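Below: one structure, written as structure tokens.
None of these values were measured; they are calculated from a predicted model. Sequence lines set the chain letters: A, B, ... in the order given, protein chains first and strands last, and positions in each chain run from 1.
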Amino acid sequence: MPSPPANGTQAGHAPVAADASPTRALFIEMLTRDIGLIPAIVDLVDNCVDGARLLRGKASFDDLCVRVETSPGELRVVDNCGGIDADVARAYAFRFGRPPGAPFVPHSIGRFGVGMKRAFFKVGKHFRVQSRAARSHFVVDVDVEKWAHADKSKEQVPWEFPFEVFEENLAQAPEDKRRTEITITRLHDDVADLFKQTSFEKRLAAEIESRLQTAIVSGLAITLNQLPVDRKPLELLDQVQLLPAYRQCVYGTGRERVTVKLYCGLGPSVPPELAGWHVFCNGRLVLKGDKTRDTGWDTVVVQEGGEKIPGFHPQFHRFRGYAYFDCDDAGCLPWNTTKTALNTDSPVYRAVALEMKSLMRPVIDFLNRLKEEKQGQQDPGEKGPLEILVESAVPKPVGDVATRSAFDMPKVRIPKKPKGPVMQRIQYDKPLEQVSRAKLALGVRSFKEVGEKTFEYWYDSECPE
Amino acid sequence: MNLRSFEKFNYALRPAKNIERKMMCEAFGRLSTLASLRRYRYIGLGGLSFQDFALLHQRLGVHDMTSIEKEEDARERFLHNRPYSCIRVRWGSSSTVLPTLSWRKRTIVWLDYDYPLDDSVLADVRTVVAHLCSGSVLVTTVEADPKRVKSARNVAKARLDALRERVGEEKIPRGIRGADLRAWGLARVCREIIHNEIIETLAHRNAPLAGRWRIGYEQLFNFHYADGAQMVTVGGLFLNGADRARVPTDHFDDLGFVRSGNDPYHIEVPVLTWRETRYLDARLPGTAAVPHHPSWIPEGERRKYASLYRYFPTYLEAEL
């Protein structure tokens, strides 16, 4: 039997291939489904931070600013972080996904090439991007609904956003004139509703503040509806006997070298949402106060009433862990595309998670001991030596606290509590009628006492001292 | 078979443990192909007798020794009982102390617990495997005695439930049934759980590393013995690519007690008098174990003795 021609066609027929090209509408639906509105907006601010990194490198971001404005009719994000080069805009910035050869920003927080477009689609049905870079200027203006349905015809329509203005080789603009302005209008109804709520504004400010605190510390001024978004520093207790553990790990080489700095110790007991692990990738907060298996909490086991309960418990409210992942190539970092969760299968994260777990254990042991001390006090108002030590400690920003290789139990004199025998709870089920009769015969008031008395009766007769 | 009283050993002397200790010590001596044992560190879990410490110092010259001891209340007594000054005592439970140690030096770690396998044991195994450097050894001993389960209607289920309660459902290998935990079955399953923990931790640790930096694990020990309660000891050597090349593949093969897989080496202590062991010694290595010679010492005891006579302890009562 003759084999089909190698080029996949058969004489006299159409090419042997099924059309698998995506529709634009499907793309929009897929992109926006898995991200919340707030992370999508934070993604837009991430791009401004990457602009600042490209402009200034590791130097200070002083005089650079990002202004975010929300109103029921539009979202505007304006920055003076260098602008987008027209060449970059034409070839890369608006593409879905990051093509090979795209300009490389060391330590960037944008990586996948979807964040900006996804935010446009998530927020509204019309967007306009204007940018003035050093020697170029462009404007892109897109009606999303029209664009989404342009491929309904049978003809192949190229995936493009047309430029309204495109100018190159302009006179060099001074640094403070280089800017990008994004305006999204014709907001989706749910978005417009949220933009009316002050609670939403507060949540957005809190997210920008915590997610981008490294950039804010570097001097980037961010405002939301004209009010500055300030950083509240992450803290650890500074007390010589309670100093946090610090460990640095390095994996890989060259541009793919990932450096990880881990801090693990104690912090203030409030607010509870700050307890847990905080994970940063290139300065961008990915996980905040995580208390799940992702950061090793499944290996923490607490004994309660004779039962082992794994996971986070309220006695760990003072636990603080900070993990800073840093790499020239953002693709080597363990985050997902929405930057709201970790890729826990990433090789680097798997190794680092082991380190995190081992740094945690002495801190967990200490907090368990602190709880035991509190429970052992005769008078609830009385404070034990560990509690006095913890309360005397002052919180300081992470970088300002001295560290050690491992957290160790403080050497304090703990008064011995009188030891009783080790107790064991026994549980069993018996027919109610029998148990009630036993209760009557024993002359006791509770089923608990039935259990105790019958055990004592049996023990005295069968296990003489 | 019911043993007559003269056929029973005085297990208070813990002869199997004594034999196990000496066997492992002999295997540790082979690490000299990687580095002088003088440069190794030993970490053990204390106890008042410090027998493992004394043996490794006497036989191998290990100087850097750390004992982890949780009974801080008896601090002075423990310090007084240290046989050599090079033994440092770190006070606290193994779970508190192990994460605070430095792991830059090649280390022999023996986590010798006198209780059954549980999640805290596995956490200690994880801490050690996550950090020890190439050329190091980790040995773990746990009680693995299925014990008589009284008055439970379903003994097999009760045993499986007890194991599940201690280590958590996800650690129990697939397909294990309660009936598999009788006799030495529990010891086998415990070895498998510890082995899996080591392999899983290494997989995480190695994930971002290039080939030659990856650390492999080679099991050397899988002992079953019972000086009273049934015990299992599992342990092995951790090597990166460079060290692997320095240890011949048959380096431990001539040690008859070395076990690389799930089949254990049973330490079976023969019941023999001192006169009998002297008599057999004079014929070993060689003919002592053959069936017809000498007929007044049971063949089974002779065979057991022949397999471990080099490690067999001699106990004498002495009036000092």
Side-chain angles (χ1 to χ4, degrees), chain A residues 245 247 249-253 256-260 264 293 296 298-303 306-311 325 327 332-334 343-366 368-369 404-409 411 413-414 416 419 428, chain B residues 68 70 72-75 90-104 118-132 150-153 158 161-171 197-198 200-215:
Chain A
R247 198 167 291 168
C249 318
V250 179
Y251 304 96
T253 53
E256 295 181 348
R257 192 173 120 114
V258 179
T259 306
V260 188
C264 188
R293 167 182 198 111
D298 57 321
T299 61
V300 175
V301 177
V302 173
Q303 288 270 3
E307 269 187 72
K308 288 177 177 177
I309 306 166
F325 289 74
C327 183
C332 298
L333 295 172
N343 170 11
T344 50
D345 292 331
S346 103
V348 167
Y349 190 73
R350 285 169 60 195
V352 172
L354 284 178
E355 298 292 338
M356 289 161 66
K357 285 176 198 169
S358 93
L359 288 177
M360 274 169 94
R361 289 186 69 197
V363 182
I364 296 295
D365 286 344
F366 170 78
N368 281 331
R369 184 81 79 87
R404 48 186 168 167
S405 61
F407 187 91
D408 209 351
M409 197 61 77
K411 305 278 179 281
R413 206 168 267 284
I414 299 172
K416 278 186 199 156
K419 266 192 182 169
Y428 55 84
Chain B
I68 300 173
K70 62 177 184 294
E72 198 170 356
D73 291 354
R75 181 185 271 261
R90 290 285 307 263
W91 304 98
S93 67
S94 52
S95 72
T96 307
V97 175
L98 286 170
T100 65
L101 299 176
S102 159
W103 295 93
R104 296 213 177 108
D118 66 11
D119 45 24
S120 74
V121 171
L122 293 176
D124 285 347
V125 167
R126 228 168 20 240
T127 302
V128 175
V129 175
H131 294 107
L132 44 64
K150 285 181 190 165
S151 74
R153 291 214 176 104
D161 285 348
L163 181 64
R164 193 179 284 131
E165 163 70 17
R166 289 199 306 271
V167 301
E169 172 66 35
E170 70 179 53
K171 300 289 180 194
E197 196 69 27
I198 293 170
E200 189 185 324
T201 307
L202 273 186
H204 292 317
R205 179 178 170 175
N206 285 331
L209 302 180
R212 67 200 169 108
W213 297 111
R214 288 177 172 240
I215 289 187

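- Under the salt bridge (charged side-chain N to carboxylate O under 4.0 Å, His left out) criterion, the residue pairs touching residues 343-363 of chain A are A:Arg247-A:Glu355, A:Arg361-B:Asp124, with sequence neighbours excluded.
- For a residue to count as touching a neighbouring chain, one of its non-hydrogen atoms must lie under 4.5 Å from one of that chain's; by this rule B:Glu72 does not touch chain A.
- Using a 4.5 Å heavy-atom cutoff, the side chains of A:Met360 and A:Val363 are not in contact.
- A:Phe366 does not touch chain B: none of its heavy atoms, backbone or side chain, sits under 4.5 Å away.
- The candidate from B:Ala123, B:Ser95, B:Ala130, B:Ser120 with the greatest count of non-hydrogen atom pairs under 4.5 Å with chain A is B:Ser95.
- Most heavy-atom pairs under 4.5 Å with chain B: of the set A:Phe407, A:Tyr349, A:Tyr251, this distinction falls to A:Tyr251.
- Of the two parts of A:Val301, only the side chain, counted from C-beta on, holds a non-hydrogen atom closer than 4.5 Å to a non-hydrogen atom of chain B.
- Note on B:Ala203, B:Gly168, B:Gly92: by heavy-atom pairs under 4.5 Å with chain A, the leading option is B:Ala203.
- Within a 6.0 Å radius of CZ in B:Arg75, more than 12 heavy atoms belonging to other residues, nucleotides or ligands are found.
- With chain A as the partner, the residue from B:Arg126, B:His204, B:Arg205 showing the most heavy-atom pairs under 4.5 Å is B:His204.
- Between the CD1 atom in A:Ile364 and the OG1 atom in A:Thr299 there is a gap of 8.0 Å [rounded to 0.5 Å].
- At a 4.5 Å heavy-atom cutoff, the contact between B:Thr201 and chain A is made by backbone and side-chain atoms alike.
- The shortest side-chain heavy-atom distance between B:Leu98 and B:Trp103 falls under the 4.5 Å cut-off.
- Without hydrogens or angle criteria, B:Arg214 side chain to B:Leu209 main chain gives a donor-acceptor distance under 3.5 Å.
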